2 protein chains.
Amino acid sequence: MKDKIDIKFIAGKAQVSPATVSRVLNKSKAVSPELKSRVLSMIEKYDYRPNEMARGLIFQKSNLIGIITPRVANAFNAELISQIEKRANQAHYDVIISNISGNFENEKKAFRIMHDRRVDGIILLHENTPEEMAELQRISDIPIVLASVRVEGSSLPNVSIDDERAAYEATRYLIQLRHMKIAGVFSDSYSAGNLRKKGFLDCLSAQNIAPFALFIGECTFHGGAVIAERILALQEKPTAVFFISDEMAIGAINYFQDHRVRVPEDISVFSFDDIELASYVRPRLSTVHQPVREIGQYATEMLLALIEKRPLYQPQQILPHHVIIRDSCAALEN
Amino acid sequence: MKDKIDIKFIAGKAQVSPATVSRVLNKSKAVSPELKSRVLSMIEKYDYRPNEMARGLIFQKSNLIGIITPRVANAFNAELISQIEKRANQAHYDVIISNISGNFENEKKAFRIMHDRRVDGIILLHENTPEEMAELQRISDIPIVLASVRVEGSSLPNVSIDDERAAYEATRYLIQLRHMKIAGVFSDSYSAGNLRKKGFLDCLSAQNIAPFALFIGECTFHGGAVIAERILALQEKPTAVFFISDEMAIGAINYFQDHRVRVPEDISVFSFDDIELASYVRPRLSTVHQPVREIGQYATEMLLALIEKRPLYQPQQILPHHVIIRDSCAALEN
DNA sequence: CCAAATGATAAAAACGATTATAAAGGAAAA
DNA sequence: TTTTCCTTTATAATCGTTTTTATCATTTGG
């Protein structure tokens with residue numbers, strides 16, 4: 001029966017008190033070189049490493065950051081998570097993820113679980129109503145930061161682009177191409193979907209154009225294909241479609257192509273996010289570029305500041321976006 | 001100053017001992033209905049939830065599962081992670097991820113950090129040498145399971161397809177299409193890359209065909225494009241390329257198309273994984289289908305069994321794969 | 001040369017839970 | 001009435017750390 005290697009064990013082997021071992025480890029106070037080397041060699045010999053749960057208990061700190069998102073496997077989210085993890089690691093935090101499915105109840109549950117673990121902070125990658133956000137905050141006073149999302153009417157710190165403006169610009173671009181029959185495809189609880197929808201609608205109404213059709217779908221390739229099917233089933237078809245995410249757009253384009261509808265010749269497609277893939281499909285996607293790396297890293301930065309109670313000079317960070325013109329949109333003959 | 005809600009606080013409010021509160025929570029022993037309701041109402045009132053770090057310390061159990069992978073953002077890995085998280089959640093485990101970059105030293109570091117947190121088990125999504133695997137096991141006796149990977153010469157439990165055979169079959173398919181000049185593109189530490197390479201080479205040599213060229217690259221869209229560039233720079237070009245992953249293949253195809261090389265007319269491409277995207281790009285990818293969901297869930301299942309010291313009837317699970325023929329390969333005229 | 005200051009170490013008290021053990025109270029039996 | 005036995009509850013030890021406090025030896029200053 002192997003005995004477990006804890007601080008007491010090491011202390012015993014080095015013939016010192018546990019306190020001394022701790023002091024050697026944390027360099028908190030002077031220890032005579034003699035004892036120090038005894039301790040160090042025993043630590044080395046038994047490859048002793050302090051139990052983080054025990055330390056967490058004392059310090060009231062888990063060094064854990066929680067990420068909550070409705071879809072880990074989404075390309076944009078996955079990249080965001082990757083960036084967050086990277087930055088968090090540098091600061092000696094680990095990342096724990098929660099893939100919530102569907103309703104807000106599940107999200108609350110996930111939130112509670114993270115609270116139970118005494119996660120030091122949480123990053124949210126998706127949208128909620130201001131009321132829901134407030135409810136989450138009521139559960140626990142763990143710092144929260146939104147990444148790639150902004151919720152109107154909520155004062156939560158966030159890092160994102162100006163989704164509304166970006167959607168406005170994208171839509172204006174479609175109108176400049178002389179499109180009048182423009183459909184919009186959105187999704188519940190994906191990034192800052194409501195703002196994108198708002199920008200889309202505002203731009204149309206500013207030009208006195210009525211939205212040709214509005215759809216709500218799942219933010220996946222398949223979800224995009226489903227919408228495409230519904231679009232092709234329409235008696236009169238739109239000449240352009242604005243998608244809330246690249247993944248949906250790609251799924252839809254595939255469906256179009258399968259049914260002999262050419263993109264962009266027959267129908268133009270504009271989307272959002274600019275995931276790496278966007279420039280690797282045919283036609284290459286015209287889309288709104290989000291600076292994922294910066295969003296992820298900055299959001300983490302912000303959360304760390306919040307955790308360490310450093311002041312937040314700019315709790316609502318808007319990073320620059322770019323409307324990227326590639327090949328998925330064509331101008332309409334007049 | 002808000003006082004913190006711990007078991008002692010609740011006990012005080014309900015005028016009972018902490019032990020009684022604990023018994024109510026864990027239903028471990030009978031508590032009189034009277035006290036029980038007093039305790040319950042106080043728990044309700046203050047929304048008390050036990051500190052998981054403290055419980056972990058007692059039970060010597062974190063209810064945490066670690067995932068180590070070189071690339072979270074890779075589509076296949078992301079889906080795998082998502083499945084693992086899902087299954088783990090059902091069993092009341094949380095998932096903590098570590099994105100290791102590059103060398104084995106980093107992996108050891110990540111492994112140690114997980115050990116420090118007393119993670120109950122670890123799932124590895126990538127390849128190592130048997131020696132490296134052994135070294136990891138020496139660090140700590142935390143149960144390890146490999147997902148979508150198998151390491152020859154290592155007895156670690158794993159769930160994967162028969163990568164070697166699958167690669168063999170894929171290559172045979174290319175040969176059946178009368179291809180003789182076949183290049184292979186691989187990547188270090190991606191899934192079961194070595195086995196795929198072995199299957200690829202074995203099939204070629206069984207037909208007395210020499211591999212036309214061998215490449216090593218990064219397992220990303222960009223990595224695929226880089227290889228494509230090198231392929232096009234060759235004096236004599238291969239007629240078919242076998243890629244170790246869909247992502248690389250898509251990146252390469254894009255590069256080919258950009259340079260007026262048609263797929264599959266000018267060059268055939270076969271790949272591996274069958275990520276959702278594979279059927280949403282043009283040409284749609286001919287590839288080896290891996291049952292991601294089953295791999296992820298089964299690997300988790302296995303890890304849970306290991307954690308709970310239940311016997312493992314089949315420590316090396318081979319799940320069925322499928323060679324999927326789509327549009328990225330063409331037969332060669334004779 | 002003695003009191004006070006300094007320095008190094010050990011012992012003990014936290015952190016927030018669980019649980020073994022002890023204690024108390026009440027009912028039944030002698 | 002006293003003893004015994006059960007049920008219910010409280011007390012205290014434990015998990016693996018850190019940190020405050022206490023202890024002891026040594027040095028320094030008057």
Side-chain angles (χ1 to χ4, degrees), chain A residues 2-40 42-43 46-64 92 112-113 115-120 140, chain B residues 2-40 42-43 46-64 92 112-113 115-120 140:
Chain A
K2 210 160 47 171
D3 33 11
K4 52 189 165 336
I5 316 292
D6 58 9
I7 202 172
K8 229 176 286 173
F9 175 87
I10 297 295
K13 290 291 177 185
Q15 312 210 50
V16 297
S17 78
T20 303
V21 176
S22 172
R23 280 192 286 260
V24 169
L25 275 169
N26 303 293
K27 313 179 202 326
S28 48
K29 268 188 181 165
V31 177
S32 67
E34 198 180 314
L35 292 201
K36 187 170 172 178
S37 81
R38 280 218 312 266
V39 169
L40 246 25
M42 285 306 122
I43 289 180
Y46 293 101
D47 194 25
Y48 165 70
R49 315 204 87 215
N51 182 323
E52 285 298 329
M53 289 199 282
R55 305 188 82 225
L57 197 51
I58 286 217
F59 292 132
Q60 304 276 55
K61 189 161 188 346
S62 61
N63 271 56
L64 232 40
H92 301 287
R112 273 180 207 284
I113 290 176
H115 163 83
D116 297 349
R117 285 207 187 274
R118 300 300 187 269
V119 156
D120 295 325
S140 143
Chain B
K2 213 164 41 172
D3 32 13
K4 52 189 162 341
I5 316 291
D6 58 9
I7 201 172
K8 230 175 286 173
F9 175 86
I10 297 296
K13 289 292 177 185
Q15 313 210 50
V16 298
S17 78
T20 303
V21 177
S22 173
R23 279 194 286 259
V24 170
L25 275 169
N26 302 293
K27 314 178 201 324
S28 47
K29 265 186 184 169
V31 177
S32 66
E34 200 181 314
L35 292 200
K36 186 169 171 179
S37 81
R38 281 221 307 268
V39 168
L40 247 24
M42 285 305 121
I43 289 180
Y46 293 101
D47 195 26
Y48 165 70
R49 317 203 87 216
N51 183 323
E52 285 298 329
M53 289 199 282
R55 304 189 82 226
L57 196 53
I58 287 211
F59 292 130
Q60 304 276 55
K61 188 159 188 350
S62 60
N63 271 55
L64 231 41
H92 301 287
R112 273 179 208 282
I113 290 177
H115 164 83
D116 297 349
R117 285 207 186 274
R118 298 302 184 270
V119 155
D120 294 325
S140 143

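In what follows, chains carry the letters A, B, and so on, assigned in the order in which the sequence lines appear, proteins first and then strands, with residues in each chain numbered from 1. Because the structure is predicted, anything quoted here is derived from the model rather than measured.
Residue B/Met53 holds its CE atom at 11.0 Å from CD1 of A/Ile58, rounded to the nearest 0.5 Å.
A/Arg112 places a side-chain heavy atom less than 4.5 Å from the side chain of B/Asp47. When side chains are defined from C-beta on, A/Val39 does not count as touching A/Arg23, because their heavy atoms never get closer than 4.5 Å.
Side-chain proximity of B/Pro50 to D/dC15, D/dT18, C/dA17: nearest is C/dA17. The side chain of B/Arg55 lies closest to C/dT18 when the candidates are C/dT18, C/dA10, D/dG16. Distance from the side chain of B/Asn51 is smallest for C/dG16 among the nucleotides C/dG16, D/dA10, D/dT18.
In this structure, A/Gln60 reaches the C/dG16 phosphate: one of its side-chain N or O atoms is under 4.0 Å from OP1 or OP2. Between A/Thr20 and C/dA10, a side-chain N or O to OP1/OP2 separation shorter than 4.0 Å is present. Here B/Ser32 reaches the OP1 or OP2 of D/dT9: one of its side-chain N or O atoms lies under 4.0 Å away. Contact check, A/Asn26 against D/dT18: a side-chain N or O comes under 4.0 Å of OP1 or OP2.
Distance, B/Lys36 NZ to D/dT9 P: 12 Å, rounded to whole Å. Here the C1' atom of nucleotide D/dT17 and the NZ atom of A/Lys8 are 10 Å apart, to the nearest Å. D/dT17 atom C1' lies 11 Å from atom CZ of B/Arg118, rounded to whole Å. Rounding to whole angstrom units, CD1 of residue A/Ile10 and C1' of D/dT17 are separated by 14 Å.
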Legend entry - Intermediate values then yes/no, side-chain contact (heavy atoms from CB on, under 4.5 Å), A/Asn26 and A/Arg55: CA-CA 12 Å; A/Asn26 303 293; A/Arg55 305 188 82 225; 3.3 Å; yes
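Between A/Ile7 and B/Ser17, the residue anchored nearer the 5' end of DNA chain D, judged by the nucleotide with its closest heavy atom, is B/Ser17. For A/Asp6 and B/Pro18, each mapped to the nucleotide of DNA chain D holding its nearest heavy atom, the one lying further toward the 5' end belongs to B/Pro18.
Side-chain atoms of A/Arg23 stay outside donor-acceptor range of the base of C/dA8, with no qualifying N/O pair under 3.5 Å.
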